[in-house]
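Note that the structure is predicted; figures quoted are calculated from it, not measured.
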Amino acid sequence: MIELDKERIPEHIAIIMDGNGRWATERGKERSFGHQAGVETVRRITSECTRLGVKYLTLYTFSTENWNRPDDEIAALMGLVLSSLEDEIFMKNNVRFRVIGDVKRLPDVVQQKLRETEEHTANNDKMTMVVALSYSSRWEITKAMQDIAEEISEANANGSHIHPTEITEDMINKHMQTNFMPDPDLLIRTGGELRISNYLLWQIAYSELYFCDTYWPDFAEEDLHKAIASYQSRQRRFGKTEAQVEEENS
């Protein structure tokens, strides 16, 4: 049994839910079987995060690169998105639902269900679950730059010139998809791969990273506790020296 410091639970956990397809293949099943099992893991981990006091849980569900997968797998994934949004886990756990990504690429029925779920859970305030759907970090950053360029163009047309030095980190943050929440404290990747895969590249500049070999369908509450325990064993210095951090905390 892992003992966690309840005073140092990460405020924001981001997860790359990897290994669904390999989990299914190793069992002689279609990849969609693994994705279905992965939905059950989302339910368990969401409930446990709310119990622990995590305020934001961001899940990498479908990347812009995933549009290159076989049509039948994409269709199965879209069906799972719809079925998972029917789950009352949001209301049962007082969880607010948000989505980030290029949702305009999604089927109309999925877009409608996403909007309905966001509206239905808008007043829930124990935790916010954020689903990164049709998302990639390079797309997000590119879109933010396009939005800033449009804002500058409009300002210049109105005679209110914006100097390049006015383009600050704060301005960029305001144009990111994640502008409603803090950056992740902890990023977890399951499935044994040791890469970020175009996920929240701007936001994880100082996040603690945790990789494990466990496939996402097998990722249990105890695995979450191990990741948080690893996070709690580290000293977050944000560029400062160990002595400076210790002095600030003394």
For [X] and [Y], work out which heavy atoms get closest and say how close.
X	Y	value
L106	S134	CD2-CB, 4.1 Å
I196	L201	CG2-CD2, 3.7 Å
G101	W139	C-CH2, 3.4 Å
T168	T165	CG2-O, 3.8 Å
V39	S84	CG1-CB, 3.9 Å
V103	L133	CG1-O, 4.4 Å

| query | Given Y60 and L200, is the side chain to side chain contact (heavy atoms under 4.5 Å, CB included) satisfied, shown in steps? | reply | CA-CA 9 Å; Y60 203 7; L200 300 176; over 6 Å; no
Measure the spacing between [atom1] of [X] and [atom2] of [Y] and express it to the nearest 0.5 Å.
X	Y	atom1	atom2	value
E40	I45	CD	CD1	12.0 Å
M127	L52	CE	CG	10.0 Å
I188	L59	CD1	CG	10.0 Å
R98	T128	CZ	OG1	7.5 Å
I9	I228	CD1	CD1	5.0 Å
R44	I89	CZ	CD1	10.5 Å

Surrounding [atom1] of [X] (heavy atoms of other residues, nucleotides or ligands, distance under 6.0 Å), is the total greater than 12?
X	atom1	value
E26	CD	yes
R138	CZ	no
E222	CD	yes
E7	CD	no

Mark yes or no for whether [X], through its side chain, and [Y], through its backbone, hold a donor-acceptor pair below 3.5 Å.
X	Y	result
E73	R31	no
S153	E150	no
W23	G34	no
T41	P217	yes
T46	R43	no
T178	M181	no
H12	P182	yes
N179	M176	yes
E208	Y231	no
N124	N94	no

Would you say the side-chain atoms of [X] and [Y] include a donor-acceptor pair closer than 3.5 Å?
X	Y	result
H175	E151	yes
E116	Q112	yes
W202	D183	no

| What do the steps show when you test D72 against E30 for side chain to side chain contact (heavy atoms under 4.5 Å, CB included), and what is the final call? | CA-CA 11 Å; D72 57 346; E30 296 291 331; 5.6 Å; no
| request: Apply the test side chain to side chain contact (heavy atoms under 4.5 Å, CB included) to residues E140 and D102: give CA-CA distance (whole Å), side-chain angles for both, the deciding distance (0.1 Å), then the verdict. | output: CA-CA 8 Å; E140 177 188 29; D102 189 7; over 6 Å; no
In terms of hydrophobic clusters joined by side-chain contacts under 4.5 Å, are [X] and [Y] together?
X	Y	value
F90	V110	yes
Y206	I172	no
I100	I148	no
V130	V54	no
F180	V131	no

| query | Taking the six-membered ring of F33 as reference, does the NZ or CZ atom of R27 fall below 6.0 Å from its centre and within a 45° cone about the axis? | reply | no
[Y] and [X], any side-chain heavy atoms less than 4.5 Å apart:
X	Y	result
Y210	D223	no
H120	F97	no
E193	I16	no
I15	L57	yes

| Would you call E48 and R51 a salt bridge, taking side-chain N to carboxylate O under 4.0 Å as the test? | yes
| message | Check this for me, if you would: do K143 and D147 make a salt bridge, where the nitrogen-to-carboxylate-oxygen distance has to be below 4.0 angstrom? | response | yes
| query | Applying the salt bridge (charged side-chain N to carboxylate O under 4.0 Å, His left out) test to D185, which of R234, R236, K55 qualifies? | reply | R236
| field | Partner of F62 by ring pair (Phe, Tyr, Trp, His ring centres under 6.0 Å), out of Y199, Y135, W67 | value | W67
| task | Please report the C-alpha distance between K126 and V95 in whole Å, then the side-chain angles of each, then the deciding distance to 0.1 Å, and finally whether the side chain to side chain contact (heavy atoms under 4.5 Å, CB included) criterion is met. | result | CA-CA 6 Å; K126 188 166 186 181; V95 171; 5.7 Å; no
| field | Test side chain to side chain contact (heavy atoms under 4.5 Å, CB included) applied to F211 and D18, T190, L194, the passing residue | value | L194
